[in-house]
2 protein chains.
Amino acid sequence: MADVKSTANAPFLREEELRQAIELLYYGYRDFTAEPDAMLARYGFGRAHHRVIYFVGRHPQMSVSDLLAILRITKQSLSRVLSQLVRQGFIRQSPGNHDRRRRLLELTDKGIELERQLSENQRQRIARAYREAGVQAVEGFRKVMLSIMSSDEDRKRIGRRGDGSR
Amino acid sequence: MADVKSTANAPFLREEELRQAIELLYYGYRDFTAEPDAMLARYGFGRAHHRVIYFVGRHPQMSVSDLLAILRITKQSLSRVLSQLVRQGFIRQSPGNHDRRRRLLELTDKGIELERQLSENQRQRIARAYREAGVQAVEGFRKVMLSIMSSDEDRKRIGRRGDGSR
DNA sequence: GAATATAAGTCAACATGGCTGACGTAAAAT
DNA sequence: ATTTTACGTCAGCCATGTTGACTTATATTC
């Protein structure tokens with residue numbers, strides 16, 4: 001009799017636990033992006049611009065195809081936002097040394113400043129969460145998120161320094 | 001001298017750590033939604049439909065305004081997807097008992113089946129991550145994600161049973 | 001009971017950011 | 001010399017968010 005409850009509830013609790021995780025991801029991501037979205041709107045930019053600025057800042061001298069591989073969107077979609085950012089002086093393109101077909105991307109000073117503003121907000125949110133949750137929780141968070149991800153390549157990239165080299 | 005390295009690296013490591021978290025959220029969310037998105041496309045639906053189906057399944061008998069509060073979109077945006085789901089027989093609406101202005105939402109059998117398919121994929125992904133990461137990591141993940149969220153109301157809702165009552 | 005407020009819906013127009021398909025140009029690789 | 005690669009462009013489509021204006025039915029308040 002003592003184990004009736006735990007046996008009967010095990011699948012239910014498990015289901016409940018898994019649904020909680022789904023909702024944590026939904027609400028967490030929604031709130032994580034809300035404030036940067038609002039800042040971007042003041043420049044006439046959207047979330048897509050943020051992603052480009054973020055990853056170019058993270059991996060200076062990366063090529064367009066590197067960026068496409070990270071974002072997993074078509075070059076036409078990328079082109080729309082990237083060309084705006086270049087035209088408005090947030091990102092600079094320069095031909096590669098070894099391979100002059102490649103156009104290496106980097107943030108301008110203006111781009112660095114915008115990137116800083118945008119991700120400062122997100123870094124602070126994370127920093128607060130890390131403070132509140134504790135060191136051990138942070139390690140758990142990292143483990144679970146890494147495991148939710150599909151791609152080994154992305155897992156590796158997260159661990160590496162962001163110098164755009166391959 | 002022994003503390004030069006740790007002192008000098010502390011802010012750098014911290015910055016690095018925070019950026020890793022940003023990327024974990026980006027890659028994790030991207031991969032978490034990719035497969036359901038592909039399934040939905042076969043019905044001519046998108047991610048917005050998934051959200052509606054998910055939360056109506058989670059909180060049967062919820063009202064339209066309850067749903068709007070969770071999704072934080074305009075009623076015009078919701079209307080587009082919700083009316084499709086009702087018309088195609090995935091969701092049923094019925095007038096509230098106490099307040100007949102309200103239209104209480106619930107999944108039909110067809111809706112339950114679609115919801116099951118979609119979130120089964122996500123539940124399995126989470127279950128795998130939880131298995132790989134361990135019990136302690138799961139608790140850490142929950143703590144960090146809860147803390148990343150902005151709204152106390154949402155935190156409470158995650159903990160509650162989903163019966164749509166308030 | 002009349003006035004007001006709330007829940008829900010609708011129409012119209014617009015922006016963002018995905019997508020496909022077709023085509024062009026420059027540079028590298030074969 | 002030919003083919004492949006990296007990048008870009010034009011055109012058009014779709015999903016999903018927005019604002020603003022207006023309607024209908026029902027509850028609530030004065």
Side-chain angles (χ1 to χ4, degrees), chain A residues 26 29-30 33-34 36-56 61-87 91-105 164 166, chain B residues 26 29-30 33-34 36-54 56 61-88 91-105 164 166:
Chain A
Y26 169 70
Y29 195 78
R30 185 197 62 185
T33 51
D37 282 356
M39 295 186 206
L40 288 155
R42 295 200 285 269
Y43 291 81
F45 292 155
R47 199 178 292 182
H49 298 84
H50 188 186
R51 290 183 188 133
V52 169
I53 286 179
Y54 179 84
F55 283 110
V56 170
Q61 309 299 329
M62 81 191 307
S63 69
V64 172
S65 42
D66 290 342
L67 186 51
L68 284 172
I70 288 181
L71 298 177
R72 301 214 187 139
I73 59 176
T74 59
K75 66 176 171 176
Q76 295 92 325
S77 296
L78 173 57
S79 166
R80 208 156 30 196
V81 290
L82 179 56
S83 59
Q84 269 179 64
L85 290 169
V86 170
R87 233 177 331 185
I91 287 181
R92 182 170 36 241
Q93 288 177 312
S94 51
N97 293 325
H98 319 305
D99 184 341
R100 280 179 3 224
R101 289 172 304 181
R102 308 188 102 181
R103 311 215 180 154
L104 305 187
L105 306 173
R166 305 187 303 178
Chain B
Y26 169 69
Y29 195 78
R30 184 197 64 184
T33 51
D37 281 355
M39 295 186 207
L40 287 155
R42 296 200 285 270
Y43 290 82
F45 292 156
R47 199 177 291 181
H49 298 83
H50 188 185
R51 290 183 189 132
V52 170
I53 286 178
Y54 178 83
V56 170
Q61 310 298 328
M62 82 191 308
S63 69
V64 171
S65 42
D66 290 342
L67 187 50
L68 284 172
I70 288 181
L71 297 177
R72 302 214 187 139
I73 58 176
T74 58
K75 66 176 171 176
Q76 295 90 326
S77 295
L78 174 58
S79 166
R80 205 154 33 196
V81 291
L82 179 56
S83 59
Q84 270 180 65
L85 290 168
V86 169
R87 232 175 326 165
Q88 296 182 34
I91 287 180
R92 182 172 36 242
Q93 289 177 312
S94 50
N97 292 325
H98 319 305
D99 186 341
R100 279 181 1 224
R101 288 172 305 183
R102 308 188 111 194
R103 310 218 179 152
L104 306 187
L105 306 172
R166 306 186 304 175

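Below, chains carry the letters A, B, ... as their sequence lines are ordered, and counting in each starts from 1.
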Compare side-chain N and O positions of [X] against OP1 and OP2 of [N] and report whether any pair is under 4.0 Å apart.
{"X": "S65(A)", "N": "dC7(D)", "value": "yes"}
{"X": "S63(B)", "N": "dA7(C)", "value": "no"}
{"X": "T74(B)", "N": "dG17(D)", "value": "no"}
{"X": "H49(B)", "N": "dT16(D)", "value": "yes"}
{"X": "R47(A)", "N": "dA15(C)", "value": "no"}
{"X": "R51(A)", "N": "dG18(C)", "value": "yes"}
{"X": "S77(A)", "N": "dG17(C)", "value": "no"}

Round to the nearest Å and state the distance from [X] atom [atom1] to [N] atom [atom2].
{"X": "L85(B)", "N": "dT16(D)", "atom1": "CG", "atom2": "P", "answer": "10 Å"}
{"X": "I73(A)", "N": "dA15(D)", "atom1": "CD1", "atom2": "P", "answer": "19 Å"}
{"X": "L71(B)", "N": "dA8(C)", "atom1": "CG", "atom2": "P", "answer": "13 Å"}
{"X": "N97(B)", "N": "dA27(D)", "atom1": "CG", "atom2": "P", "answer": "11 Å"}
{"X": "R102(A)", "N": "dA29(C)", "atom1": "CZ", "atom2": "P", "answer": "11 Å"}
{"X": "R101(B)", "N": "dT4(C)", "atom1": "CZ", "atom2": "C1'", "answer": "11 Å"}
{"X": "L78(A)", "N": "dT9(D)", "atom1": "CG", "atom2": "P", "answer": "11 Å"}
{"X": "Q76(B)", "N": "dT23(D)", "atom1": "CD", "atom2": "P", "answer": "15 Å"}

**Item:** Proximal nucleotide (of dG17(C), dG8(D), dG17(D)) relative to the A48(B) side chain
**Value:** dG17(D)
**Complete:** Walking DNA chain C from its 5' end, the first of L68(B) and K75(A) to be reached, judged by nearest nucleotide, is L68(B)
**Asked** How do R103(B) and G44(A) order along DNA chain C: which one's closest nucleotide is nearer the 5' end?
**Response** R103(B)
**Request:** Measure distances between side-chain N and O atoms of R100(B) and base N and O atoms of dT26(D), and say whether any donor-acceptor pair falls under 3.5 Å.
**Result:** no
**Request:** Using the six-membered ring wherever Trp is involved, compare the ring planes of H50(A) and Y54(A) and label them parallel, tilted or perpendicular (cut-offs 30° and 60°).
**Result:** perpendicular
**Request:** Pick out which of L78(A), T74(A), I73(A) makes a side chain to side chain contact (heavy atoms under 4.5 Å, CB included) with Q76(A).
**Result:** T74(A)
**Message:** Within the 4.0 Å heavy-atom criterion, would you say R80(B) contacts the bases, only the backbone, or no part of the nucleic acid?
**Reply:** base
**Prompt:** NA contact type, Q93(A), heavy-atom cut-off 4.0 Å: base, sugar-phosphate, or nothing?
**Reply:** sugar-phosphate
**Message:** I want to check something: taking the side chain as every heavy atom from C-beta on, are L82(A) and Q93(A) in contact at a cut-off of under 4.5 Å?
**Reply:** yes
**Item:** Sub-6.0 Å ring centroid separation between Y26(B) and F55(A)
**Value:** yes
